[in-house]
Amino acid sequence: MADWIRCKRGVVLGSLVPLLALTLAGCGITGGEVQSANELAGDNARSIWNLFVPIFWLSVVIFVLVQGALIWAVIKFRYKDGDPPPAQLHGNTKVEVAWTIAPAIILAVILVPTITTIADLASEPDDPYTIDVIGHQWWWEFDYEDDGFATGNVMHIPVDQPIRVRMTASDVIHSFYAPQLFGKQDLIPGRETNIYFTAEQTGEFYGQCYEFCGVQHANMHFRIMVHEQDEFDDWVASQQAGALEPEPDTLEAQGKEVFFQPGAACHACHAIDGAVAEDGTEAIGQVGPNLTNLGDRPIIGAGSLENTPENLRDWIRDPHESKPGNEMPAFSQDQISDEDLDALVAYLSSLR
Amino acid sequence: MAQAVAAKDEQLDRWAVIWDWITTSDHKKIGLLYFWTSLTFFFVGGLLALGVRSQLAVPNSTMISPDVYNQFFTMHALVMIFLALMPMSVAFFNYIIPLQIGARDVAFPRLNSFSYWVYLFGGLLLCSGFLFGEAPDIGWTGYTSLSSAQYTPGMSGDFYVMGLQVLGISSLAGGLNFFVTIVNMRAPGMSLMRMPIFVWMSLITFVLIMLAFPSLTVALFALMMDRNFDTVFFSASDGSVVMWQHLFWIFGHPEVYILILPAFGIISEVLPTFSRKPLFGYSFVVFSGIAIAFLGFGVWVHHMFTVGMGPIPNMVFSTTTMLIAIPTGVKILNWVATLWGGSIRLTTAMLFATAFVGMFTIGGISGVMHAAVPIDYWQHDTYFVVAHLHYVLFGGTMFGLIAGTYYWFPKMFGRYMSESIGRVHFWLTLIGFNLTFFPMHFLGVDGMPRRIYTYPSDYGYELWNMVATIGAYLLGLGMALMVYNLIKSIRSGEPASADPWDGRTIEWTTTSPPAKHNFDHTPQIRARDDFWDQKYNRKGEAETTPAEEHIHLPPGSYIPLLVALGLMLMGAGVIFTLWLSVIGGIVVTVGLFAWAFEPND
Ligand SMILES: [Cu+2]
Ligand SMILES: [Cu+2]
């Protein structure tokens, strides 16, 4: 017979090698990254991980058994020239009933903790601290309604305090997820969704939008800063006090006027709490992020750039360079001169 | 002079051949049209995928701009699902089902040709967005309100809506046609429980198509109205944004089974043939297929666990989703048991079929993981899901279709495909596939979202993205080798007999390739795996009805093509200018009358 019949056994075994190698490499290398689901810092994320671990190991066992049987069969039961047809076995009801029931039992075992965890994650904790999150194309608005202020793209929360994130979206669907702290939920225009979690550690945690929301879905990052309670209270107090008023006759003071001047008119889209122009105009725009504490944020453009004075300059000159298609217009030399821009950047960077 | 005449004759001949293909109602020719068209679209989708992978190879890449990237990943999915995988299954439905049930053609031959032309024109309509730089860029799921006229102005959303709407008509017509064919046109003696498994799985697929596509049709119709005629079905204030997702996934989840069941069927033919053993637990495989189809309509919310419907719906749909893993697991174990104790010949077809079982198992297991809702709160919309769906659709469906290609190629072309090239093709594909998609599990664990055109450099995503990109190119190379093998084997492959693999089912009783009328005598079916039974138990005495003198074959017709063209114009009108729709409507109406009154011999 033709030679397609014969094939080296080693070759078959070879099929598992790349998979196994990858798995091992993966286990070693995954983890420890800024957005990994297995670097836990929140109770919500921890329940998810605790559910995942047993299911994962069960999966590994099933995977090894099935692939093992498959490969074993292919190696063992090979045709040799002139072999008569093997026994024409049509099935075995007992065996088949057994392997219908076995997966049913395994799944029932998985289902119980799944259902309790669902209930767990959905139940509202006692006396949570509520933050409203509103998704916009392509940035995050964080409203601290009870304390009377708002901020953008960087959320501050106290440690060990149950948090309720109450969410909606102003335009299209987004999804809010910081893997180390909690599982994701979507933000849906016209609806309200909630996430409940408690941060277990202080620090800076990464997150971003996980529901495709248009051209800049990729650059819709956010950060969550977890503070000790007293530190957090200080932060809240400083936000309530509004933006620092620059000393008169400084670069920053000049920058503040640029913010309101007709060529820039940043105030049409951005709010800076407490900032008032010489002519009495207030900065209460709602189109873009609130900038009251911009100098304090590690990122600008929802993670498009690191927050440095040079990047801030570049951002204002042309936000589409680093984030093509976003909703903020570019500002040319004619609208804001280089000198004015320096002043503006100095002012914005001074805001805490 | 004489030479000129000869040349002219040749030209006439060529036109006659082309005319014959255009008007054909022969299921085998339509099958081949489906095969080559879907293969072409497969490579279009593949190139888009390579574009996506190239962009993601390194962080902060600016190779492809974000709006073009969004068109790429959207069109990659649409092309692969609607223009490559589904129609490649249809190629096998067309070519193989009538042969396997001992029929001369399908129930409605002209409707069959209509399905093909609607598919081709719908596909071209969907892809023509690229000509205007406005291909769909809203994800293949087209979620509202992103897909509304407000957030996706211009033509891209309309190409999505109208392209899919036209394609849906093709699927519905095909599903109906083949359903009736299988129910009515089986050879005498072929009871339902004697049908080849491929026919069974296909039958279930057609039921799914007929029940699932209407939901998509409704959703697309409402979105078309919203986008073009200011209705508010999916408006956040007056309608419901989430309603789209329900309608879409009531179609979308069964669609997954529409994609995978034919491949289940194919490998349930390939594994027994090359193990020289019947399929283990035939009736379990049949009934688990039916169970999957039934449950398949009760799990759609597992795509929506994160929309905040509350704990009860999530618990219920988590349960149904896990239930569906039971019949699926049964199938996998039955396949393994089919190999067990067999006499296995590792042909390329067999290699792909066995690899299917292995790869599909991985996809199935990761599916159970995100069936557990809280785990889905993590894995949803990350690369973990991208890995999962490719293990099911490439490692599953595509591997199955490739197995089917190697398996039935000798029947279709009277020649073997090269086994030596086939083997290289297999290993390149298997290794490339796993290099591409396995690392995506790790990226998912590390929180990389899907559908992002770039990622920052300090997130630890570099290594696995690079590996995946290298894998994708290997995979592309493997698939290119398949095309080379196809072309080379058609020209100069080793000639194959009517029964090249010692087959079990009756398509192997006809010549390779089969005559236009398929069978000289209508086969008489006495057993499941009838041909095997004939060869080994009944010792060669083929049972047939008395020789038939007048075999009626349906004539060709150009009218299906005309109606299909009219339908495409109707769709295009919504995108460009409504006058086109009016013209299209007239063409369709006139065409349907001509169709009804066309003489039938
Ligand atoms: Cu997004
Ligand atoms: Cu599904």
Side-chain angles (χ1 to χ4, degrees), chain A residues 4-5 7 15 18-19 22 26 30 33-37 48 51-52 55 59 63 66-67 69-70 73-74 77-79 83 85-86 88 90-91 96 99-100 103-104 107 110-111 114-115 117-119 121-122 172-173 179 183-186 188-190 193 210-212 214-215 217-218 324-325, chain B residues 66-67 139 143 145-146 151 236-237 241 276-278 280-281 284 306-308 311 314-315 318-319 322 325-326 329-330 332-333 336 339-347 354 357-358 361 365 369 372-375 377-378 381 419 430-431 434 438 442 445-447 449 451-454 459-460:
Chain A
W4 44 257
I5 290 166
C7 174
S15 63
L19 262 186
L22 269 173
T30 322
E33 311 295 350
V34 289
Q35 212 158 264
S36 278
I48 295 175
L51 180 64
F52 174 69
I55 293 182
S59 304
F63 172 79
V66 174
Q67 306 281 348
L70 183 69
V74 171
F77 303 107
R78 195 61 66 75
Y79 174 84
D83 277 359
Q88 298 293 298
H90 284 274
E96 287 163 70
W99 69 41
T100 311
L107 288 167
I110 295 177
L111 197 57
T114 298
I115 285 184
T117 312
I118 296 174
L121 295 180
V172 305
I173 302 176
K184 70 175 71 63
Q185 288 286 306
D186 296 349
I188 298 165
T193 48
Y210 280 77
E211 180 62 59
F212 182 65
V215 71
H217 168 56
Chain B
D67 57 326
Y143 276 13
S145 50
L146 180 61
Y151 298 107
S237 47
V241 171
R276 311 185 78 202
K277 251 182 92 212
F280 191 88
F284 267 75
T306 62
V307 302
N314 281 3
M315 289 172 187
S318 184
T319 310
M322 286 190 187
I326 298 172
V330 167
I332 291 174
L333 294 172
V336 174
L339 298 179
W340 206 268
S343 176
I344 295 172
R345 297 171 291 168
L346 273 187
T347 58
T354 352
V357 180
T361 304
I365 290 178
M369 287 182 186
V373 178
I375 299 180
Y377 291 160
W378 149 29
D381 274 340
E419 282 292 325
L430 186 71
I431 293 170
N434 281 295
F438 209 79
F442 309 144
V445 173
D446 279 346
R451 296 173 169 175
I452 51 171
Y453 73 93
T454 192
Y459 281 47

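Letters A, B, ... are given to chains in the order of the sequence lines, protein chains preceding strands, and every chain is numbered from 1. In this text, all values refer to a predicted model and were calculated from it rather than measured experimentally.
Interface remark: Ile332(B) contributes side-chain atoms only to the contact with chain A (heavy atom separation under 4.5 Å). Of the two parts of Leu121(A), only the side chain, counted from C-beta on, holds a non-hydrogen atom closer than 4.5 Å to a non-hydrogen atom of chain B. For Ser237(B), no part sits under 4.5 Å from any heavy atom of chain A, backbone or side chain. Of the atoms belonging to Ile188(A), it is side-chain heavy atoms, and not backbone ones, that fall under 4.5 Å from chain B. With a 4.5 Å cut-off on non-hydrogen atoms, Tyr151(B) touches chain A through its side chain but not through its backbone. Looking at Ala73(A), both its backbone and its side chain come within 4.5 Å of chain B, counting heavy atoms on both sides. Interface residue Thr193(A): only side-chain heavy atoms are found under 4.5 Å from chain B.
Of all the listed residues (Pro86(A), Gly214(A), Ser59(A), Gly183(A)), the one sharing the greatest number of non-hydrogen pairs under 4.5 Å with chain B is Pro86(A). For chain B, the option among Thr117(A), Leu70(A), Asp83(A), Ile173(A) with the highest count of heavy-atom pairs below 4.5 Å is Leu70(A). Most heavy-atom pairs under 4.5 Å with chain A, from the set Ala236(B), Ser343(B), Gly308(B): that is Ser343(B). Between chain B and the options Ile118(A), Thr114(A), Leu107(A), heavy-atom pairs under 4.5 Å are most frequent for Ile118(A). When each of Val336(B), Val241(B), Leu333(B), Val373(B) is checked for heavy-atom pairs under 4.5 Å with chain A, Leu333(B) comes out on top. Between chain B and the options Ala218(A), Pro103(A), Gly190(A), Ala119(A), the largest number of non-hydrogen pairs under 4.5 Å is found for Ala218(A).
With no hydrogens or angles considered, no side-chain donor-acceptor pair links Tyr143(B) and Asp186(A) at under 3.5 Å.
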**Message:** The test is side-chain contact (heavy atoms from CB on, under 4.5 Å); show your working for Asp446(B) and Tyr459(B) and say whether it passes.
**Reply:** CA-CA 8 Å; Asp446(B) 279 346; Tyr459(B) 281 47; over 6 Å; no
Please assess Glu96(A) against Val330(B) for the test side-chain contact (heavy atoms from CB on, under 4.5 Å), listing each intermediate value before the final yes or no. CA-CA 8 Å; Glu96(A) 287 163 70; Val330(B) 167; over 6 Å; no
query: Passes side-chain contact (heavy atoms from CB on, under 4.5 Å), Tyr79(A) versus Leu346(B)? Steps please.
result: CA-CA 9 Å; Tyr79(A) 174 84; Leu346(B) 273 187; over 6 Å; no
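Using a 4.5 Å cut-off on side-chain heavy atoms (C-beta onward), Asn314(B) and Tyr377(B) make contact. Residues Glu211(A) and Thr306(B) fail the side-chain proximity criterion, which asks for heavy atoms closer than 4.5 Å. Residues Ser318(B) and Leu111(A) are in side-chain contact: their nearest non-hydrogen atoms beyond the backbone lie under 4.5 Å apart. Residues Val172(A) and Pro189(A) are not in side-chain contact: their nearest non-hydrogen atoms beyond the backbone lie 4.5 Å or more apart.
Ring-plane geometry between Phe280(B) and Trp99(A) is classed as tilted, the angle between the planes lying from 30 to 60 degrees on a 0 to 90 degree scale.
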